[in-house]
Asker: 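Below you'll find the structure I mean.
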Amino acid sequence: MKKYPSVIAVGNEKTFQIAERFFGGIFKNKLVVKDGDELTLGKHTFKFVFAPMVHWPEVIFTYDIKDKVLFSADAFGKFGALDTDEDWTCEARRYYINIVGKYGATVQSVLKKVAPLDVEIVCPLHGPVLSENLGYYLGKYNIWSSYMPEDKGVFIAYASIYGHTREAAEKLAAALKQKGERVSIADLTRCDMAEAVEDAFRYDRLVVASVTYDGGLFPVTEMFINRLKSKNYQGRKVAFIENGSWAPVSAKLMRAQFETMKQITFAENSVTVPSAVNENTEAAISALAAELIG
């Protein structure tokens, strides 16, 4: 804008409000557009589709009617913009859930507005241009934004101090795999938290295993659950493994957090590790595995 001060900047009211908070009064010439407006520039006509909270309040999709290109802002993007040869789904899922995930209702609304458009190419701000099998990407966004599980499987997220909670989590994972269940497992003290949140949304069942720490939750467990809550985690079956040498309360505390989320079903069985895994613990793990499989 400094180099070409006579240029006309196109945006909505919030575009200019937010941009000018960052950069001051840099826009000398503004064209303020509204949802559904069209702008013709020679051979190309651009249709503006407002997409507020996907994931900022001023977001606009721009559709080039001539070339059938949808410039989709943050939607349909992914982490790793230069990694065009890698699988789109994993990093797009992680991006969506951790960046846009809270705003599923607004994404659903925008998908309905985009549906009538004849889109052949999608150009997101983050990640590769999409030009083939667009129904696949739209389908994934519909699943993610409606908070439905993407795959049947069990995600086990554990936080362990001395290794005994980890042992219980791994034994549960082994029991589930032996029965043919799809299982993903993560150490919350060492993993990428964004990937843990991604897997929690991906699968239809979740087991959180945590030590009791100073009469409360281990900090990374609390962080993980808070992240799920902030992204509107819902519609899953959840189970708990707790550990405590003298006053295990982590299962009770974790359940209280999940009770504030929508449509959470709790497993009837839970596991308490009394410092270390013993025969009673293994029996409880078997019972939980049987329930999760059933």
Asker: Would you say His164 and Ser275 make side-chain contact, with heavy atoms under 4.5 Å?
Answerer: no
Asker: With no hydrogens and no angle check, just 3.5 Å: does a side-chain donor-acceptor pair link Tyr136 and Thr89?
Answerer: yes
Asker: Is there a side-chain contact between Thr281 and Lys171, using heavy atoms and a 4.5 Å cut-off?
Answerer: no
Asker: Are Tyr96 and Val107 packed together at the side-chain level, in the sense that at least one heavy-atom pair is separated by less than 4.5 angstrom?
Answerer: yes
Asker: Output every pair passing ring-ring contact (aromatic ring centres under 6.0 Å, His included) with a member in residues 13-65, not counting sequence neighbours, ordered by first then second residue.
Answerer: Phe16-Phe27
Asker: Does Lys237 NZ have over 12 foreign heavy atoms under 6.0 Å away?
Answerer: yes
Asker: Please determine whether side chain to side chain donor-acceptor pair (under 3.5 Å) holds for the pair Thr15 and Glu58, giving the CA-CA distance in whole Å, both sets of side-chain angles, and the decisive distance to 0.1 Å.
Answerer: CA-CA 5 Å; Thr15 305; Glu58 89 290 1; 5.9 Å; no
Asker: Is Glu242 salt-bridged to Arg255, going by a charged N under 4.0 Å from an acidic O?
Answerer: no
Asker: Check the pair Ile156 / Leu176 against side chain to side chain contact (heavy atoms under 4.5 Å, CB included), numbers first and verdict last.
Answerer: CA-CA 11 Å; Ile156 303 172; Leu176 292 168; 4.3 Å; yes
Asker: Could you tell me how the ring of Tyr95 sits relative to the ring of His126: parallel (under 30°), tilted (30 to 60°) or perpendicular (over 60°)?
Answerer: tilted
Asker: Got Glu198 and Cys90 here, is their nearest side-chain heavy-atom distance under 4.5 Å?
Answerer: yes
Asker: So do the side chains of Gln234 and Met261 get within less than 4.5 Å of each other, counting heavy atoms only?
Answerer: no
Asker: Please lay out, stage by stage, how Met1 and Lys28 fare under the test side chain to side chain contact (heavy atoms under 4.5 Å, CB included).
Answerer: CA-CA 9 Å; Met1 299 309 297; Lys28 306 304 179 186; over 6 Å; no
Asker: With a 4.5 Å limit on heavy-atom distance, are the side chains of Glu268 and Leu288 in contact?
Answerer: no
Asker: Could you work out, with salt bridge (Lys or Arg N to Asp or Glu O under 4.0 Å) as the rule, every residue matching Lys231, not counting sequence neighbours?
Answerer: none
Asker: Which class fits the ring pair Phe76 and Tyr141: parallel under 30°, tilted 30 to 60°, perpendicular over 60°?
Answerer: tilted
Asker: Does a side-chain N-to-carboxylate-O contact under 4.0 Å join Glu120 and Lys68?
Answerer: yes
Asker: Phe201 vs Tyr233 aromatic rings, parallel, tilted or perpendicular, using cut-offs 30° and 60°?
Answerer: perpendicular
Asker: With a 4.5 Å heavy-atom cut-off, do Ile225 and Phe258 have their side chains touching?
Answerer: yes
Asker: Should we say atom NZ of Lys140 is surrounded by more than 12 heavy atoms from elsewhere, each under 6.0 Å from it?
Answerer: yes
Asker: Evaluate whether atom NZ of Lys252 has more than 12 neighbouring non-hydrogen atoms of other residues, nucleotides or ligands under 6.0 angstrom away.
Answerer: no
Asker: Would you find more than 12 non-hydrogen atoms of other residues, nucleotides or ligands less than 6.0 Å from Lys179 atom NZ?
Answerer: no
Asker: With a 4.5 Å heavy-atom cut-off, do Thr221 and Ser250 have their side chains touching?
Answerer: no
